[in-house]
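Structure, as structure tokens:
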Amino acid sequence: MGRGHSRALFIGRFQPFHIGHLHAVKSLLNEVDEIIIGVGSAQYSHTRKDPFKAGERILMIRLSLDEADIPPSRYYLIPIPDVNDNRLWVSHVVSLVPPFKVVYSNNSLVKILFEEAGYEVKPVPFYEREKYCATRIREKIIKGEPWEDLVPPSVAKIIKDVNGVERIRRIVEAERH
């Protein structure tokens, strides 16, 4: 990477991608030229914690960033499956994404693992964390409470297009039996 050109890694599960995530991406793009958005736990879907498939999450992010007028030349969207082995995780991630210097994460394990591997780790600037939280959004969907205002319009549309509300409720119902 040439002088003055910076690229950072931002990993999340984005289950679903919400307004807080969008705010974080915008903030990071004020600090770096390009951002690698790693869609973590990519192999999981159809669980209470991870209801959406990697492809659905990639679509959510792509359309949300389009909606926010963020040019595709400024980000990479890369699915990152879990390896479930902390010793191998950083090298696994590094093998899947373009080179980067900085990692943005608020996950303490991610911070430890990347710092031990010699990377700089910075916190993700959270935006109204108590309001914009994917766990809370999934719980609202389960309970039938309004949730659409917590995600970008394109995300609400995708969730409806893939019958995401019904999917989440059926998963939770199945887990009860």
Output for pair (T135 OG1, K49 NZ), nearest 0.5 Å, gives 8.5 Å
Using the side chain to side chain contact (heavy atoms under 4.5 Å, CB included) rule, take I159 and M60 through it: C-alpha gap first, then chi angles, then the decisive distance, then the call. CA-CA 9 Å; I159 290 173; M60 288 173 191; 3.8 Å; yes
Here the pair of heavy atoms bringing P72 nearest to R62 is CG-NH2, 3.7 Å
Side-chain contact test, heavy atoms from C-beta onward, threshold under 4.5 Å: evaluate it for P81 versus H92 and give yes or no. yes
Would you indicate whether the side-chain heavy atoms of L65 and P71 approach each other to under 4.5 Å? no
Contact summary for A54 and P79, nearest pair of heavy atoms: CB-CB, 4.5 Å
Salt bridge or not for K111 and E120, using N-O below 4.0 Å? no
As a quick check of understanding, evaluate side chain to side chain contact (heavy atoms under 4.5 Å, CB included) for V102 and L9, giving each step before the final call. CA-CA 6 Å; V102 183; L9 176 65; over 6 Å; no
Looking at side-chain heavy atoms only, is the closest gap between I11 and S105 below 4.5 Å? no
For E139, check salt bridge (charged side-chain N to carboxylate O under 4.0 Å, His left out) against everything at least two apart and list the hits. R48
Is there a path of hydrophobic side-chain contacts, each under 4.5 Å between heavy atoms, that joins V83 and I78? yes
What do the steps show when you test Y76 against E34 for side-chain hydrogen bond (donor to acceptor under 3.5 Å, both in side chains), and what is the final call? CA-CA 8 Å; Y76 302 84; E34 295 177 354; 3.0 Å; yes
For K140, look at atom NZ and say whether over 12 heavy atoms of other residues, nucleotides or ligands are found less than 6.0 Å away. yes
Any sub-3.5 Å donor-acceptor pair from N107's side-chain atoms to V110's backbone N or O? yes
For I141, is there any backbone N or O sitting under 3.5 Å from a side-chain donor or acceptor partner on R169? yes
Y132 OH to H18 NE2 distance, which is reported to the nearest 0.5 Å: 10.0 Å
Only one of I158, I61, D66, I19 forms a side chain to side chain contact (heavy atoms under 4.5 Å, CB included) with P152, so which one is it? I19
Output for pair (I35 CD1, L28 CG), nearest 0.5 Å, gives 4.0 Å
Per the salt bridge (Lys or Arg N to Asp or Glu O under 4.0 Å) rule, what does the pair list look like for residues 9-31, sequence neighbours excluded? R13-D50
Contacts of R138 meeting salt bridge (charged side-chain N to carboxylate O under 4.0 Å, His left out) (sequence neighbours excluded), chain-then-number -> none
Decide whether V103 and L109 are clustered together by the hydrophobic rule: side chain heavy atoms of Ile, Leu, Val, Met, Phe, Trp, Tyr closer than 4.5 Å, transitively. yes
Could you give me the CA-CA distance, side-chain angles and deciding distance for V32 and R7, then say whether side chain to side chain contact (heavy atoms under 4.5 Å, CB included) is met? CA-CA 6 Å; V32 296; R7 189 181 299 126; over 6 Å; no
From D149 CG over to W147 CH2, what is the distance, rounded to the nearest 0.5 angstrom? 10.0 Å
Determine, using the 4.5 Å side-chain heavy-atom cutoff (strictly less than), whether V124 and V121 are members of one ILVMFWY cluster. no
Contact check, side chains of L63 and V155, non-hydrogen atoms, under 4.5 Å: no
I36 vs Y75 side-chain heavy atoms within contact, under 4.5 Å: no
E173 meets the salt bridge (charged side-chain N to carboxylate O under 4.0 Å, His left out) criterion, sequence neighbours left out, with R176
Single-linkage hydrophobic cluster V165~I171, side-chain heavy atoms < 4.5 angstrom: no
Heavy-atom pair with the smallest gap, counting every atom of V90 and F114: CG1-CE2, 3.7 Å
L29 backbone acceptor or donor facing R74 side chain under 3.5 Å: yes
Any donor-acceptor N/O pair, Q43 side chain to D82 backbone, under 3.5 Å: yes
If a pair satisfies salt bridge (Lys or Arg N to Asp or Glu O under 4.0 Å) and one of its residues is in residues 84-99, list it, with sequence neighbours excluded. D85-R87
Donor-acceptor contact present, side-chain R167 to main-chain P51, <3.5 Å: yes
Using only atom types and a distance under 3.5 Å, with no angle test, would you say the side chain of E166 pairs donor to acceptor with the backbone of N163? no
When hydrophobic residues are tied together by side-chain contacts of less than 4.5 Å, even through go-betweens, does W89 share a cluster with Y44? no
To the nearest 0.5 Å, what is the distance between CZ on F100 and OG on S6? 13.5 Å
ring-ring contact (aromatic ring centres under 6.0 Å, His included) with F14: which residues, sequence neighbours excluded? F10, F17, H21
Is there a donor-acceptor pair closer than 3.5 Å between any side-chain N or O of R57 and the backbone N or O of V39? no
Tightest non-hydrogen contact, residues H23 and Y127, listed as ND1-CB, 3.3 Å
Decide yes or no for V97 and I80: does some side-chain heavy atom of the first lie under 4.5 Å from some side-chain heavy atom of the second? yes
Please give me the minimum heavy-atom distance between Q15 and A134, naming the atom from each residue. O-CB, 3.4 Å
What's the separation between atom OH in Y104 and atom CD1 in I37, rounded to the nearest 0.5 Å? 13.0 Å
